[in-house]
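What follows is a set of notes on a single structure, which appears directly below.
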Amino acid sequence: MATADAAPDHAFLAVPPAPGRAYHPDGVEFSYGRTRAEALRLRDVYAAAGYGHGHRVALLLENRPEFFFHYLALNALGCGIVPINPDYRHDEMRYQMDHSEADLVVAIGSRVADLEMVAREGTRPLPVVSADAMPAALPEPGAASRPGEPGLDTECSLLYTSGTTGRPKGCILTNFYYLNCGRWYLDLGGHVRLEHGRDRIYNPLPLFNMNCQALSATGAMLTANCLILPERFSPARWWREVVATGATVVHYLGVVPPLLLNQPPTPDERAHRVRFGLGAGAEPQLHEAFETRFGFPLIEVWGMTETGRIYADSHEPRQRATRAFGRPFGGFEARVVDEGDQDVATETEGEMVVRWGGPEGPRHGFFAGYLKNPRPPPRRGGAAGSTPATSSARAPTPCCTSSTARRTSSAARARTSPPPRWKRRCRRTTRSRRWPCWPSPTSYARRRSWPASCSWRA
């Protein structure tokens, strides 16, 4: 609301033109003022049906700008959102809807029938409505809203991991998580700078991923900047869309640089206004070639849904010939340890563990927990955080633990090289329909000497 009041005419959401696309084929832009008006209109519709603090509404709206109208409307009421991966199959959607205990699903018209089939097989009532023909009166939720006013600790979203080692886990992300995540983006420094009201962030990642929905979108809202939402990544359309929308920042995954380098040269690839790219997984042998050809730096980062914060190799001299992703800073601490929680020697692989090092506690700003994780494994390192809360139907585990992380985590190798930086070494696998997930975080009790740098394998 504050940004919409201060800069109502600034562009907030932009969609590049794409002839033949099912929505906004000519492209569209929504200002902060227009977005506020749409969000307030939908807020009243949801409120009239009884939706409020503690309810969850699932959204299958792809990467359409209307996603934000519903997200912001529901957030104003204290409702959490459950973004649905549009590539999920029937069984995956059924699990997510049953596990999340969503009170309502809002979907694009072409997917309503799919969600209705899921709802018929569910364990509890689940009304489904079309966002393309939103009814004036919505079905009422099955339970009353929670008492009290929403606040910073209120659930903002329930994002599901990709389920590398089993069923996807629902990460509970609070309002504070989102605000902290966006502010962290703004404070990375070096090449990563967002100018108030002047930047336009092109992010082809999906809105069920924290990168686009939490990091980019919140960073944009805090600076009155514009978030550009292509339908998905396309190497053939990339430069045309970047130039047409006036993008000044781009986000990428490791697959993007090689595919763009394989495209034939076009005038658009040097007619852009991009100052930096932010992402992960650029191959060292392609990093310099990409920057030389296209004229802007690729800033490698490490991040994960569970922590909200990221590391970034954004300050010179950058290590483009490695997989460096910067150094710990600002209180976001890291170590590389062995099975016994001891710092590993140089050139020794281990597990990377992270925590918040400030007085607020090691999980400050992290996710609130995994939904319905009934019994977390024992922690390593003694008094590293609060005692687990008692599990209930909707009670999260306060934080993931070391043994959980070890099953899904990467290996790391400690090195010594001034100045200290963190490096990763990836063994990537390709999996359809899902984006890569990061290893789970762990907390620890004692700070010892930090290894100079590390690499990770996933």
Side-chain angles (χ1 to χ4, degrees), residues 11-16 18 23-24 28-30 35 58-72 74-75 80-88 108 156-162 171 173 177-186 188 192 194 199-223 225-234 237-238 241-242 245 247-256 274 276-281 298-310 312 367 433-438:
F12 172 37
L13 303 168
V15 178
Y23 63 95
H24 306 303
V28 70
E29 283 199 4
F30 293 98
T35 301
L59 302 177
L60 198 166
L61 300 176
E62 300 176 330
N63 265 31
R64 305 187 183 198
E66 289 79 7
F67 176 98
F68 285 92
F69 302 164
H70 291 268
Y71 157 40
L72 295 173
L74 291 162
N75 184 264
I81 61 169
V82 186
I84 302 173
N85 182 341
D87 291 331
Y88 268 176
I108 57 175
C156 179
S157 73
L158 184 65
L159 297 190
Y160 278 77
T161 66
S162 57
C171 294
L173 311 181
Y177 172 102
Y178 272 71
L179 292 170
N180 185 67
C181 187
R183 176 51 60 184
W184 192 262
Y185 186 4
L186 306 184
L188 289 175
V192 180
L194 292 183
D199 276 311
R200 297 170 67 87
I201 305 167
Y202 179 94
N203 195 329
L205 276 68
L207 286 172
F208 58 83
N209 180 287
M210 66 82 69
N211 184 305
C212 190
Q213 194 221 122
L215 188 74
S216 298
T218 311
M221 284 188 274
L222 291 174
T223 53
N225 282 318
C226 180
L227 177 63
I228 302 166
L229 298 168
E231 183 176 15
R232 60 180 65 239
F233 168 65
S234 166
R237 296 197 305 265
W238 174 280
E241 293 182 343
V242 164
T245 56
T248 59
V249 177
V250 297
H251 281 230
Y252 66 91
L253 288 180
V255 68
V256 172
V274 177
F276 67 88
L278 191 84
L298 294 178
I299 306 303
E300 286 284 288
V301 306
W302 176 91
M304 55 195 299
T305 303
E306 287 86 343
T307 65
R309 302 176 180 90
I310 62 176
F367 76 137
R433 299 180 292 110
R434 299 186 179 95
W435 295 91
C437 69
W438 301 108

- Task: Evaluate the side chain to side chain contact (heavy atoms under 4.5 Å, CB included) criterion for residues Asn180 and Arg183: first the C-alpha distance (whole Å), next the side-chain angles of each, then the deciding distance (0.1 Å), finally the verdict.
- Result: CA-CA 5 Å; Asn180 185 67; Arg183 176 51 60 184; 5.5 Å; no
- Within a strict 4.5 Å, meaning less than it, do heavy atoms of the Pro83 and Leu159 side chains meet? yes
- Arg64 versus Leu207, closest heavy-atom pair with distance: O-CD1, 4.1 Å
- Roughly how far, to the nearest 0.5 Å, is the CZ atom of Phe208 from the OH atom of Tyr160? 14.0 Å
- Task: Apply the test side chain to side chain contact (heavy atoms under 4.5 Å, CB included) to residues Val28 and Tyr23: give CA-CA distance (whole Å), side-chain angles for both, the deciding distance (0.1 Å), then the verdict.
- Result: CA-CA 10 Å; Val28 70; Tyr23 63 95; over 6 Å; no
- Task: To the nearest 0.5 Å, tell me how far Thr305 OG1 sits from Met210 CE.
- Result: 5.5 Å
- Item | side chain to side chain contact (heavy atoms under 4.5 Å, CB included) between Leu278 and Tyr185, worked out | CA-CA 10 Å; Leu278 191 84; Tyr185 186 4; 3.8 Å; yes
- Message: For the backbone of Gly219 and the side chain of Thr223, can you confirm whether one donor and one acceptor N or O come within less than 3.5 Å of each other?
- Response: yes
- Using modelled atom types only, decide if a donor and an acceptor are shared between the side chain of Arg200 and the backbone of Ile228 within a distance under 3.5 Å. no
- Note on the structure: Closest non-hydrogen contact found for Tyr202 with Ala247 is CB-CB, 3.8 Å
- Message: Looking only at the side chains, is there a donor atom on one of Glu300 and Tyr252 sitting less than 3.5 Å from an acceptor on the other?
- Response: yes
- Message: I'd like to know if the side chain of Trp184 reaches the main chain of Ile310, judged simply by a donor and an acceptor atom lying under 3.5 Å from each other, with no hydrogens or angles considered.
- Response: yes
- Query: Mind checking whether His24 and Glu66 have side chains closer than 4.5 Å, heavy atoms only?
  - Reply: yes
- Measuring from Leu61:CG to Tyr71:OH, what's the distance to the nearest 0.5 Å? 13.5 Å
- Hey, what do you get for CZ (Phe67) to CG (Leu59), rounding to the nearest 0.5 Å? 5.5 Å
- Using modelled atom types only, decide if a donor and an acceptor are shared between the side chain of Asn63 and the backbone of Leu205 within a distance under 3.5 Å. yes
- Query: Hey, does the side chain of Asp199 reach the backbone of Asn225 with a donor-acceptor pair shorter than 3.5 angstrom?
  - Reply: no
- Task: Supply the atom-to-atom distance Met221 CE to Thr218 OG1, rounded to the nearest 0.5 angstrom.
- Result: 4.5 Å
- Message: The test is side chain to side chain contact (heavy atoms under 4.5 Å, CB included); show your working for Val15 and Phe30 and say whether it passes.
- Response: CA-CA 9 Å; Val15 178; Phe30 293 98; 5.8 Å; no
- Message: Distance check, rounded to the nearest 0.5 Å: Glu306 atom CD versus Leu173 atom CG?
- Response: 9.0 Å
- What closest approach, in Å, do Val192 and Ile299 show between heavy atoms, and which atom pair accounts for it? CG2-CG2, 4.0 Å
- Can you name the closest pair of heavy atoms from Leu215 and His251 and give their distance? CD2-CE1, 4.1 Å
- Query: Which atoms form the tightest heavy-atom contact between Leu229 and Pro65, and what is the distance?
  - Reply: CD1-CA, 4.0 Å
- Message: Give me the atom names and distance for the closest heavy-atom approach of Phe276 to Leu194.
- Response: CZ-CD2, 4.3 Å
- Message: I'd like to know if the side chain of Ser157 and the backbone of Ile81 have a donor-acceptor N/O pair within less than 3.5 Å.
- Response: no
